[in-house]
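Let me begin by presenting the structure, written as structure tokens, before commenting on it.
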Amino acid sequence: MAKDVAVIGVGQSHFVRGYEGSIRELAFEAFREAMQDAGITQKQVDASIFCSAPEYDKQRSPAGVLAEYLGLIPQPTFYVETVCSSSSTGVKIGYGLIKSGLHDVIVVLGFQKMSEITSAESQERMGRGADIQWEAPFGTMMPAYYALYAQAYMAKNGLTHDDLMNVRVKAATYGQINERAVYRKGVKPEDFDPKNPEAKLAAPVALPLRVGDCCANADGSSCIILASKKKVKELGIKKPVYILGLGAASEAVNMAARPDCAQGIKVAKVAADVAYKMAGAGPQDIDVAEVHDCFTIAEIMAYEALGFAPVGEGKQLIREKATYREGKIPVNVDGGLLSKGHPIGATGGSQIRTIVLQLRGEAGPMQVKDPEIGLVHNIGGVGLYGNVTIFGR
Amino acid sequence: MGFEKFGRKSFTAMTKTAKFVDFLAEGKINGTVCKKCGTKYFPPRADCANCFSNEMDWFEMPKKGRLETFTTAMYAPFGFEADPPYTMGVVDFGNGLKLFARLAKDIKPEDVKVGMDVTVRTLKYDDGQLSFEIAKA
Ligand SMILES: [Zn+2]
């Protein structure tokens with residue numbers, strides 16, 4: 001495996017509801033932390049890449065505006081978008097620009113202020129989240145799409161509502177100890193009990209998914225600073241974390257043009273295979289992972305796409321608590337999207353930050369024991385884009 | 001007739017496949033088939049990604065299929081607030097063709113099962129919008 005491009009700095013804002021500031025101020029929070037982490041100044045940055053889902057932004061073409069606010073002009077800057085996986089895509093492009101020799105140090109900044117628009121506007125945009133020509137006219141929304149996957153998958157593989165609930169219980173276990181998470185509360189089985197009038201998480205959203213199966217919207221930013229091997233030396237970076245493998249894939253937007261939902265999200269499997277091959281590694285080599293648990297079902301399907309469990313057997317990992325911090329393959333021990341929150345454009349960078357901190361041994365109360373190789377699985381839209389990135393010390 | 005007539009609420013006014021809506025008015029759910037290479041498409045497409053041809057014919061979709069999956073939406077996006085709960089699903093016709101739509105209101109939620117036999121039919125809403133739906137086989 002080639003160790004040509006490293007992450008030298010990571011940053012993340014608190015993920016919150018209703019951030020009290022503008023997008024440039026939100027972006028600055030993650031940027032400041034990542035720059036101080038890397039110990040560099042703006043003069044040492046060659047280019048910047050900004051990542052978000054544009055339907056939430058009022059600012060048109062935000063890259064130039066944010067680059068100026070972060071002090072990154074006159075260096076080149078541009079914008080990339082793959083909805084929820086925008087910042088993973090940004091990192092992939094940054095890797096290419098460094099590997100090609102065009103640049104040596106690149107700032108990848110993901111941000112989203114979902115509260116920038118009203119909840120009515122947000123509802124309308126979410127309804128148009130997939131195929132606006134052929135599916136939105138039926139009244140689709142994001143939870144409904146993942147519910148289609150959940151229904152088919154549960155029928156085929158014997159996955160139960162309690163299994164889904166237990167994914168949420170695990171996420172909340174770590175959301176409680178992650179001070180950057182938007183949802184800091186613990187979750188108990190009683191919270192999912194439809195007979196319990198206090199059980200807010202039990203309310204159905206898009207059956208079989210309930211409120212507790214869905215991640216929290218949030219405002220937030222993340223920043224990943226990438227550097228060439230040469231710059232890692234020159235800058236005297238003490239704990240570089242290298243990108244070992246990158247995989248990405250795309251899929252038909254319309255459900256009618258996809259394989260059977262019971263098989264899970266296809267782009268995840270395609271991207272994982274590419275990333276593993278590039279890294280010269282396999283599922284058995286992964287010590288800690290971040291997966292895109294926008295809904296509880298998504299985490300179970302991710303276990304299988306990534307090869308952590310055989311096809312149809314993802315449920316066993318949650319039943320055996322194998323994906324807890326002390327388990328054989330810890331997954332989302334920062335609370336995941338379910339508890340940490342999902343500020344669309346910032347999510348991939350936040351997942352990468354978690355893995356980098358884990359590999360450096362700096363994850364605090366969430367630290368897994370001595371991991372060497374970590375993986376990030378970040379899905380855009382409803383399996384429209386898949387990104388898997390593998391990191392090592 | 002333009003494409004704004006399609007579905008409960010359309011977000012697309014113009015498409016080269018707008019004739020789809022005229023067929024709905026005739027009670028037909030049609031896909032497109034490439035005149036050059038024979039590739040069939042549903043939803044319909046104006047261009048063939050297989051051979052680059054833009055010469056398409058219309059063909060009528062099969063009626064009988066099996067319900068691959070479904071979900072019942074308890075909340076709806078902006079513009080559909082009056083509708084919940086409603087059930088949406090994917091029908092697999094078994095010949096490489098599938099279709100996404102709502103399930104007919106006359107199917108009881110407790111009767112909906114993954115893998116059940118279903119049929120598809122056109123539908124006209126009170127406001128004149130044209131669509132298609134999944135019905136009991
Ligand atoms: Zn053709």
Side-chain angles (χ1 to χ4, degrees), chain A residues 117-157 159 202-211 213-214 252-264 295 297 382, chain B residues 3-15 17-18 20 31 41-45 61 66-93 96-103 109 112-115 129-134:
Chain A
I117 57 175
T118 66
S119 65
E121 285 176 308
S122 170
Q123 275 300 317
E124 187 182 0
R125 282 161 177 72
M126 292 307 259
R128 290 188 272 123
D131 184 344
I132 66 148
Q133 188 173 344
W134 296 104
E135 287 179 344
F138 293 102
T140 56
M141 52 182 185
M142 299 306 272
Y145 282 107
Y146 267 95
L148 292 172
Y149 277 96
Q151 191 81 256
Y153 181 95
M154 291 167 85
K156 185 178 180 197
N157 300 310
L159 182 80
V205 175
L207 292 167
L209 301 179
R210 302 149 292 184
V211 169
D213 291 305
C214 308
V253 68
N254 198 291
M255 298 304 290
R258 292 188 180 193
D260 189 337
C261 286
Q263 295 173 17
F295 298 92
I297 180 64
V382 185
Chain B
F3 202 73
E4 66 277 357
K5 295 284 285 180
F6 173 60
R8 196 73 181 95
K9 176 179 167 156
S10 178
F11 300 92
T12 309
M14 277 190 275
T15 162
T17 57
F20 177 77
Y41 294 102
F42 193 87
R45 295 174 50 119
M61 286 286 278
R66 67 174 266 287
L67 190 68
E68 178 181 301
T69 188
F70 65 95
T71 178
T72 302
M74 307 304 287
Y75 295 93
F78 183 75
F80 297 85
E81 295 90 339
D83 292 2
Y86 52 92
T87 301
M88 299 173 283
V90 176
V91 178
D92 187 348
F93 297 101
L97 291 169
K98 293 190 190 185
L99 161 158
F100 174 87
R102 278 194 199 176
L103 271 69
V112 185
K113 298 278 183 292
V114 167
Q129 289 291 106
L130 291 159
S131 191
F132 54 90
E133 65 180 1
I134 301 165

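The figures that follow rest on heavy atoms only: side chains count, while hydrogens, waters and symmetry mates do not. By convention in this document, chain letters (A, B, ...) are assigned in the order of the sequence lines, proteins followed by strands, and residues within each chain are numbered from 1.
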Between B/Thr71 and A/Leu207, the two heavy atoms sitting closest are OG1-O, 2.6 Å
side-chain contact (heavy atoms from CB on, under 4.5 Å) between A/Phe138 and B/Phe80, intermediate numbers included: CA-CA 9 Å; A/Phe138 293 102; B/Phe80 297 85; over 6 Å; no
Minimum heavy-atom separation for B/Gly89 and A/Leu148, please, with both atom names. CA-CD2, 4.2 Å
Closest contact, heavy atoms only, B/Ser10 versus A/Pro137: CA-CG, 4.4 Å
Between A/Gln133 and B/Thr17, the two heavy atoms sitting closest are NE2-OG1, 3.6 Å
If I measure from the heavy atoms of chain B, does A/Ala144 come under 4.5 Å with its side chain, its backbone, both, or neither? both
Hey, is the main chain of A/Ala152 close enough, under 3.5 Å, to the side chain of B/Glu68 for a donor-acceptor pair? no
Can you name the one residue among B/Tyr41, B/Phe3, B/Phe11 that meets ring-ring contact (aromatic ring centres under 6.0 Å, His included) with A/Trp134? B/Phe3
For B/Ala73, which atoms come within 4.5 Å of any heavy atom of chain A: side chain, backbone, both, or neither? both
Among the options B/Ala101, B/Ala76, B/Gly7, pick out the one with the most heavy-atom pairs lying under 4.5 Å from chain A. B/Ala101
Counting heavy-atom pairs under 4.5 angstrom with chain B, the leader among A/Gln151, A/Met154, A/Glu135 is A/Gln151
Okay, B/Pro84 and chain A: the region with an atom under 4.5 Å from a heavy atom over there is neither
Determine whether a donor-acceptor pair (N or O, by modelled atom type, separation under 3.5 Å) exists between the side chain of B/Tyr86 and the backbone of A/Gly139. yes
To check you understand the geometry: which heavy-atom pair defines the closest contact between B/Thr69 and A/Cys261, and what is its length? CG2-SG, 3.8 Å
Using the rule given for side-chain contact (heavy atoms from CB on, under 4.5 Å), can you reason through B/Phe100 versus A/Asp131, listing the C-alpha separation, both sets of side-chain angles and the distance that settles it, and then say yes or no? CA-CA 11 Å; B/Phe100 174 87; A/Asp131 184 344; over 6 Å; no
Applying side-chain hydrogen bond (donor to acceptor under 3.5 Å, both in side chains) to B/Arg8 and not counting sequence neighbours gives B/Asp83
Determine the minimum heavy-atom distance between A/Met255 and B/Lys98, stating which atoms define it. O-CD, 4.4 Å
